[in-house]
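Naming convention: chains lettered A, B, ... in sequence-line order (proteins, then strands); numbering from 1 in each chain.
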2 protein chains.
Amino acid sequence: MVLTEKQKQLIQKIGIANEKHGMQPAAARIIGLLYVSDKPELTFEEIGEALHISKSATSNALNLLMQTDRMEYTTVSGDRKRYFRLKISNWKDGFTKEMESLTNFSQLIMEVLAIRTSETPEFNKSLAELKDFLIFINQELPLLMEKWKKSRES
Amino acid sequence: MVLTEKQKQLIQKIGIANEKHGMQPAAARIIGLLYVSDKPELTFEEIGEALHISKSATSNALNLLMQTDRMEYTTVSGDRKRYFRLKISNWKDGFTKEMESLTNFSQLIMEVLAIRTSETPEFNKSLAELKDFLIFINQELPLLMEKWKKSRES
DNA sequence: AATTTAGTTCTCTAAATTAAGAACTAAAGA
DNA sequence: TCTTTAGTTCTTAATTTAGAGAACTAAATT
């Protein structure tokens, strides 16, 4: 696994971007590695070596990534190694999940509205507006996904 | 500042939701407090007392929240206290910002595509599809915001 | 001038996160 | 059966983060 400077750079950038979204550093860089790697499937050993991380760190990160459905592996018969690869298609699902967290938030806002004092009509009004905005987004995003699918079909 | 059980519960929930998005615990709970508080403006002291956090923690968290444009304060003449309140309207801006981080990611993907080997046409194809999806989303979200604005006007 | 008030900053500690390294397990091969 | 391989788990150390408490500043009050 020889990586060019540019590849290393991108691994860092993708790593940092993912860390910002709450991912562990090692896991974040593994994602980056698999984006730029010339081989789309890498073994446990190759991953650890390429990123200079220990077996324990590699193992933990890979298992985390599989639990969160961002990676998967295949095996080849007569070979005990696992071949790890990205589940790219899941990015779209990931997007959808991100949106679901919006739904949760909009439910929280509704709970808040339900217990708020009526002494603060103005504040409550902007909170209600926020709630409506979130509901709007929640309605529109699935439509957006539909639109995307259709534009692909044609 | 007497808080009901329900209020305390919601502060926790909102706090955790915000922590998941990378916010510091104290700051996240302050946001929660201001959502449920009967007074939409609270002083430094009230905030620290209600959440049982020290002056240093209160000070740091409030300044962070103001730097990130999630809170602001007003003053009343003849009163040295600051009255802190949420910038709720900024949630929408926050949404837009969140979407901008998507734009950044789509640029990273383009950088990746630019240096990828042509030996992996299938992988490259799904990466290109991901890129198109991100571009699509980036185009559509501003339109969505427009639609929202219009629906409000009428 | 001395004191009070409102908030900031500094120092230190506790807790959480991250990952290394070694010991381990389980399957396959010699 | 002994060894190798692939990966896991446990223990420990280093780093980072969060926040308490005390010392401090600057304005206002007495």
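Base pairing of D:dT30: its partner is C:dA1, meeting the Watson-Crick or G-U wobble criterion (both donor-acceptor distances under 3.5 Å).
Side-chain proximity of A:Ser56 to the nucleotides C:dT9, C:dA22, C:dT18 is greatest for C:dA22. Side-chain atoms of A:Asn63 lie closest to D:dT8 of the nucleotides C:dT18, D:dT8, C:dT8. For B:Ala26, counting side-chain heavy atoms from C-beta on, the closest listed nucleotide (C:dA6, D:dG19, D:dA6) is D:dG19.
With B:Ser106 contributing its side chain and B:Thr103 its backbone, the two residues share a donor-acceptor pair below 3.5 Å. Between the side chain of A:Glu46 and the backbone N or O of A:Thr43 there is at least one donor-acceptor pair closer than 3.5 Å.
Here D:dT8 presents its C1' atom at 8 Å from CZ of A:Phe44, a figure rounded to the nearest Å. Atom CG in A:Leu64 sits roughly 16 Å away from atom C1' in D:dT9 (whole-Å rounding). Atom CG in A:Leu42 sits about 15 Å away from atom P in D:dA6, given to the nearest Å. The CG-C1' distance, from A:Leu51 to C:dT18, rounds to 15 Å in whole Å. To the nearest angstrom, P of D:dT8 lies 7 Å from CZ of A:Phe84. If you take OH of A:Tyr73 and P of D:dG7, they are 9 Å apart, rounded to a whole angstrom. Distance B:Met23 CE to D:dA18 C1': 15 Å, rounded to the nearest Å. At whole-Å resolution of the value, CD in A:Gln24 and P in D:dT16 are 16 Å apart.
Nucleic acid contact for A:Ile53: sugar-phosphate only, since backbone atoms but no base atoms lie under 4.0 Å from a heavy atom of the residue. Nucleic acid contact class of A:Ala61 (heavy atoms, under 4.0 Å, all strands): none.
Aromatic ring centroids of B:Trp91 and A:Phe133 lie 6.0 Å or more apart. Between B:Tyr73 and B:Tyr83, the distance separating the two ring centers is not shorter than 6.0 angstrom.
Between B:Glu111 and A:Lys13, at least one side-chain N (NZ, or NE/NH1/NH2) sits under 4.0 Å from a carboxylate O, which counts as a salt bridge.
Evaluation of atom-type donor-acceptor distances gives no pair under 3.5 Å for the side chain of A:Ser54 against the base of C:dA19. A donor-acceptor contact under 3.5 Å is formed by the side chain of A:Arg80 with the base of C:dA27.
Note on A:Arg82: every side-chain N or O is 4.0 Å or more away from OP1 and OP2 of D:dT5.
Residues B:Lys55 and B:Asn60 each lie close to DNA chain D; by heavy-atom proximity, the contact nearer the 5' end of the strand is made by B:Asn60.
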